[in-house]
There are 2 protein chains.
Amino acid sequence: MPLTANAAPSKAQRAYDWIKAQIMSQAFSPGYRLVLASIAETLGMSVVPVREAIRRLEAEGLVTFERNVGARVSMVDGEQYSYSMEVLAVLEGAATALSAAHITAEDLAHARELNASMEASLKNFDPQTFTETNHEFHRVLACRCPNERLNDLVTVEWERLNHLRTSTFSFVPERARASVNEHHQILHLIETHAPADAVERAVRQHRAATLRSYLSSREEPDEAQRHTA
Amino acid sequence: MPLTANAAPSKAQRAYDWIKAQIMSQAFSPGYRLVLASIAETLGMSVVPVREAIRRLEAEGLVTFERNVGARVSMVDGEQYSYSMEVLAVLEGAATALSAAHITAEDLAHARELNASMEASLKNFDPQTFTETNHEFHRVLACRCPNERLNDLVTVEWERLNHLRTSTFSFVPERARASVNEHHQILHLIETHAPADAVERAVRQHRAATLRSYLSSREEPDEAQRHTA
DNA sequence: TTATTCGAAATCGTATATTATCCCGAGGGG
DNA sequence: CCCCTCGGGATAATATACGATTTCGAATAA
């Protein structure tokens, strides 16, 4: 029996986890060049496991790869951001609808608590915290979805959006209040056992509204700059 | 300029393409053990590119990996098959709805032709061909969807289902006729510029119906065996 | 007979070494 | 002054080598 009952995750796995963490924490921001040798040295391993880790991240869409040039953290331009938001609207809507029937009273209480916390933080608004709590809120509502595959896809899409600090609420703080109110409505629908497609519509429109806020906010900066300029 | 205008796709890429092709063509069927060294030898390369290829396939869910043991083509049990079908219903519904507004007359004609071909092949029914044409039909309807990310996800999910020859029509040939009829309805909705959510509902229910046929067909074999036993 | 231990074969995991490719700057024509 | 060509440095791509782990069968003891 290998006494390594501890862990010994493979180096490839460690590399994967580490790089992903760096990306999520914005230590590696979009466009950052991932140099195999230097990452390998930092982690005290050879380049082989690092390459494998990067391949996996590539397949997940977190990094882009160019032959003979190397990998970099994916740039997600406004267009791709919109695409991912749209996809997330669809996936999360479906996942939440499927989850609704299995939501427990504790889940609802937890979600309510999270939403209350978001409501409370509307003054002293911190986009970072707000976004995280928002994520947690939706995760709680969707987590009872029995379709594991769907859950995975929701997670991947969240991560894809999250690695941009672009989290919409940084751009559109005004959207936060409306968001909290829509959360109330979604909770109400679930609590009253509304039809699944009503839940789905509500969640999808909730996210679609967030996307619209983001998109219209990309127009205004031009004007704002024109004022200050 | 490198006169290698030819191609020279990287070996890692070649390995990826080759393995994926083997899986899709059922040369490597679910559960097949992917041995690095033998694949490397077959392709005339070392194991390193093969490992990278497998890591990418792993991230896509086509193969599963176990530490110190190796990779094998993913087994997709009935449950996972259902999950993927459900996900595909959601994704394809959304993609087709978004695509509908941009569908050209040629696209419609092409789709109609494909459906006619499916209808014609109802006698001399060949599940394999029918499934392929069915795939092509839906691809044509969804391909104008401007959301690239959504298109990618639809493709991945299709591939995930496809590498099982389980293609539902092998189990439930009776479903084929109903399927063709539903295709007519979907075409009609798109042609008459029905609202996007009507198209989405139609496509989703179309696939959900296929899934139901599959699920109920998994009950009957027991009875059939009881008769013959 | 059955359970257990030992060991060899197969295969994976990782490091190191070698080759190929790209990027960029310096130097030579036009 | 600008364009082209030619190296050198950085880095990726691949090969080879070796150590580590699992697997499985055979030999042995209960």
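Reminder, nothing fancy here: chain letters follow the sequence lines and each chain counts from 1. The structure presented is a predicted model; accordingly, all values stated were derived computationally and were not measured.
Comparing B:Arg33 and A:Val48, the nucleotide of DNA chain C nearest to each residue sits closer to the 5' end for B:Arg33.
When the P atom of C:dC12 is taken as reference, atom CD of B:Glu41 falls 13 Å away, rounded to whole Å. As rounded to whole Å, 7 Å separates atom P of D:dT21 from atom CG of B:Asn68. When rounded to the nearest whole Å, the span between NZ of B:Lys11 and C1' of C:dT21 equals 15 Å. Distance A:Arg51 CZ to C:dA15 P: 14 Å, rounded to the nearest Å. Here the P atom of nucleotide C:dG13 and the CE atom of A:Met45 are 14 Å apart, to the nearest Å. Nucleotide D:dT11 holds its P atom 10 Å from the CG atom of A:Leu36, rounded to whole Å. One interatomic measurement links the two molecules: CZ of A:Arg55 to P of C:dG13, which rounds to 17 Å at whole-angstrom precision. Rounded to whole angstrom, the span from the CD atom of B:Glu52 across to the C1' atom of D:dA13 amounts to 8 Å.
Under the salt bridge (charged side-chain N to carboxylate O under 4.0 Å, His left out) criterion, B:Arg207 pairs with B:Glu92, not counting sequence neighbours.
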| request: Might you work through the side-chain hydrogen bond (donor to acceptor under 3.5 Å, both in side chains) test for B:His183 and B:Asn134, ending with a clear yes or no? | output: CA-CA 9 Å; B:His183 287 174; B:Asn134 181 53; 3.3 Å; yes

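Side-chain atoms of A:Arg67 lie closest to D:dA13 of the nucleotides D:dA13, D:dT11, C:dA15.
Residue contacts for A:Val69: at a heavy-atom cut-off of 4.0 Å it reaches the sugar-phosphate backbone alone, with no base atom in range. Backbone-only contact: B:Val35 has heavy atoms under 4.0 Å from sugar-phosphate atoms and none from a base. The residue B:Ile54 sits apart from the nucleic acid: no heavy atom pair falls under 4.0 Å.
A salt bridge does not link B:Glu52 to B:Arg55: none of the charged nitrogens lies less than 4.0 Å from a carboxylate oxygen.
In this structure, the side chain of B:Thr96 does not engage the main chain of B:Gly93 through any donor-acceptor pair within 3.5 Å.
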